[in-house]
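Working notes, structure below.
All chains are named by letter (A, B, ...) in the order of the sequence lines, taking the proteins before the strands, and each is independently numbered beginning at 1. Hydrogens, waters and symmetry mates play no part in the numbers below; they use all other heavy atoms, side chains included.
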Amino acid sequence: QQPVQSPQAVILREGEDAVINCSSSKALYSVHWYRQKHGEAPVFLMILLKGGEQKGHEKISASFNEKKQQSSLYLTASQLSYSGTYFCGTETNNYGQNFVFGPGTRLSVLP
Amino acid sequence: DAGITQSPRHKVTETGTPVTLRCHQTENHRYMYWYRQDPGHGLRLIHYSYGVKDTDKGEVSDGYSVSRSKTEDFLLTLESATSSQTSVYFCAISATGEAWAEAFFGQGTRLTVV
């Protein structure tokens, strides 16, 4: 079952912060985050595993609340290069073949 | 960048014709995937492969078939193309199929069925 992402779209000014949420109705084992710029392939950002630590990559970090079956992606002090569509992907077990992407959140960072 | 190439990058075809898309990797990764991307749906899995001649269906497999005769190549075939199969198709690879594995995507193939 496809996870739900919110918001569907967000517009920011450079330097502002944003949070993108991903939630599922099923118990999750892992959450993956990808970013896709217009006309390009999706690019991996990070994976969060059940029982694992919060991940971070420069000014982009994420958390995983196993009890609520949700994950949040935090973009701090947004840069123009952060613009794109962010997808979460979820798995309900460790066997890998139940991975499902969410519909995406379009992020636009303006000067 | 991961060595993954899709061909063709663009194709226009007529309804009812067969179409084959190719994904080629140089990473020797075991897992290969075909996704389609449509507005509002994100990326949806069509088929995947976990080894040579080992394939399985994804969530939107109807109307599609795949083959993998070599580790490096994964072919997606539309048996008889329909307008509903107009989409952008992405191939992806990963070293394993486990939950911690990241996937690397090809640049995509834009297919238009007229």
Open item on the list: For A:Gln36, which atoms come within 4.5 Å of any heavy atom of chain B: side chain, backbone, both, or neither?
Closed with: side chain

Open item on the list: Counting only non-hydrogen atoms closer than 4.5 Å, can you tell me which residues of residues 106-114 of chain B sit against chain A?
Closed with: B:Gly106, B:Gln107

TODO: Verify whether one side chain among B:Ser49 and B:Trp34 offers a donor that lies under 3.5 Å from an acceptor in the other.
DONE: no

Task: Salt bridge present between B:Asp73 and B:Arg22 (N-O < 4.0 angstrom) - done: yes

TODO: Inspect the contact between B:Asp62 and B:Lys57 and indicate whether a charged nitrogen and a carboxylate oxygen are less than 4.0 angstrom apart.
DONE: no

Open item on the list: For A:Thr76 and A:Asp17, which I'm curious about, is there any donor-acceptor pair between the side chains at under 3.5 Å?
Closed with: no

Open item on the list: For the residue pair B:Tyr64 / B:Tyr89, report whether a side-chain donor-acceptor contact shorter than 3.5 Å exists.
Closed with: yes

Output side-chain donor-acceptor pairs under 3.5 Å for residues 6-13 of chain A, partner residues at least two apart or in another chain, one line each.
| from | atom 1 | to | atom 2 | distance (Å) |
| --- | --- | --- | --- | --- |
| A:Arg13 | NH1 | A:Pro111 | O | 2.9 |

